[in-house]
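Atoms within each ligand, like the ligands themselves, are counted from 1 in listed order. Numbers here simply count residues along the sequence, with the first being 1. None of the values given here were measured: they were computed from a predicted structure.
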Amino acid sequence: MVRAIVGANWGDEGKGKITDMLAKESDIIIRFQGGSNAGHTIINDYGKFALHLLPSGVFYSHTTSIIGNGVALNIPYLLKEIHELESKGVPTPKILVSDRAQIMMPYHILLDTYEEARLAGKSFGSTKSGIAPFYSDKYAKIGFQVSELFDEEYLKEKVERVCELKNVLLEHLYHQPKLNPDEVYKTLLEYRDMIKPYVCDVSAYLYHARKEGKNILLEGQLGSLKDPDHGIYPMVTSSSTLAAYGAIGAGIPPYEIKNITAVVKAYSSAVGAGAFVSEIFGEEADELRRRGGDGGEFGATTGRPRRMGWFDAVATRYGCRVQGATEVVLTVLDVLGYLDELPICVGYEIDGKVTKDFPTTVELMKAKPVYKKLPGWKSEIRGIRNYEELPQACKDYIDEIEREIGVPITMVSNGPGRDEIIKRQ
Ligand code: GDP
């Protein structure tokens, strides 16, 4: 069985915790897109971890954790994460890295930083992890695939060719030091030695695993609205955040993905620039940010304060649709217990007309939220394990969201801890 777990909003929905939970019942967990640009926060018996590149299955000794071909593979970063786990007492996980994954080069990170500086106020809010330059190179066919590390002659020649191109940008656009091809080549040989123990023909491995009936979990990063095709382009990431891409980024047949679990947050938060229709500001936002998540809504990678807003049913229904969600997990519901009333954005007003369909970015920039208000439950719901014990107003909020998004909410998360989850019958 192949299951995908993905975000239906802007990312930071609390996927880490849910993935960790589902990973327990899985044999194989795979990252299929993105890189070290976003973080999953996981709290377990070993402590609190912000994983950026490793799949969330690394804490279980029965699982195999895989970096799929769709990932932007930062090799030193991966090794650093593995060592960090070991230093905190986590048993050495079984990790495989696709021989078709491409390598995040040090110059991708430099180019990302230089480009953000060049764009200054008009920047996209990149995490400067090199993601956009990395995927640009992949599709321009000048990226380095893991497999290429093992042919020295081929590698050396390619490094020369790529450096020639990069140096034009570095010298004439950014006015920065040029790359030395010998140094780049040397770095790649070091990367080869670091990654060698993990390299695997992942799609063949998964083919056999499926034949043996293994449970496979595809772990998405960020959320629907950050998808380069279906998201709020250009304020998106550079690899697809959709479950469908799991087939490509891991190397499995698309029809094998039977269950698509979309994680939805009970309110909205976003990082980076871009239209955010139900955004709130001032003291109202500060309070939600302070109470949100586990110790406040600040970026797991950058520490940046997240932008806050009310639940956006228009964006979430769309987010679930483009994911092809078969079920929804609603997270961080516990945070909302302080509110007298809870606004839900149920429509967008664009040029005087109200729509429930999520528009393209140019239209989105004109959208104003249409709210419906529900009464708050004014109580602490942490500690509740039985759905029936939730306050009626809280159940009404969940029902309203379910009605709006049109996908069954099967689980509700009411705290950051691993066991703080309510299964809905
Ligand atoms: P991800 O990238 O989707 O995994 O999201 P984050 O790592 O940003 O997770 C959001 C934060 O919320 C983390 O600090 C989690 O520990 C925390 N969190 C997850 N689920 C819940 C929940 O149900 N309630 C509360 N209060 N915090 C949660």
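Checking only distances, G11 never comes within under 3.5 Å of ligand 1, N or O to N or O. An N or O contact shorter than 3.5 Å is missing between V335 and ligand 1 by distance. At least one N/O-N/O distance between G16 and ligand 1 falls below 3.5 Å. Inclusion of S413 in the set of residues having an N or O under 3.5 Å from an N or O of ligand 1 is warranted. Residue K17 has no N or O atom closer than 3.5 Å to an N or O atom of ligand 1.
Residues I142 and V162 come closest through the heavy atom pair O-CG2, 3.8 Å.
Contact annotation: H52 has no heavy atom less than 4.0 Å from any atom of ligand 1. Heavy atoms of G7 come nearer than 4.0 angstrom to ligand 1 in no pair at all.
Within 6.0 Å of NZ in K356 there are more than 12 heavy atoms belonging to other residues, nucleotides or ligands.
Without hydrogens or angle criteria, D27 side chain to T64 main chain gives no donor-acceptor distance under 3.5 Å.
Only side-chain heavy atoms of R306 come within less than 4.0 Å of ligand 1; its backbone N, CA, C and O stay farther off. The side chain of D334, and not its backbone, has at least one atom closer than 4.0 Å to an atom of ligand 1 (non-hydrogen atoms only; side chain from C-beta on).
Under a cutoff of 6.0 Å and an axis angle of 45°, K138 and Y135 do not form a cation-pi pair.
With respect to E327, the salt bridge (Lys or Arg N to Asp or Glu O under 4.0 Å) criterion is satisfied by exactly one of R3, K423, K258: R3.
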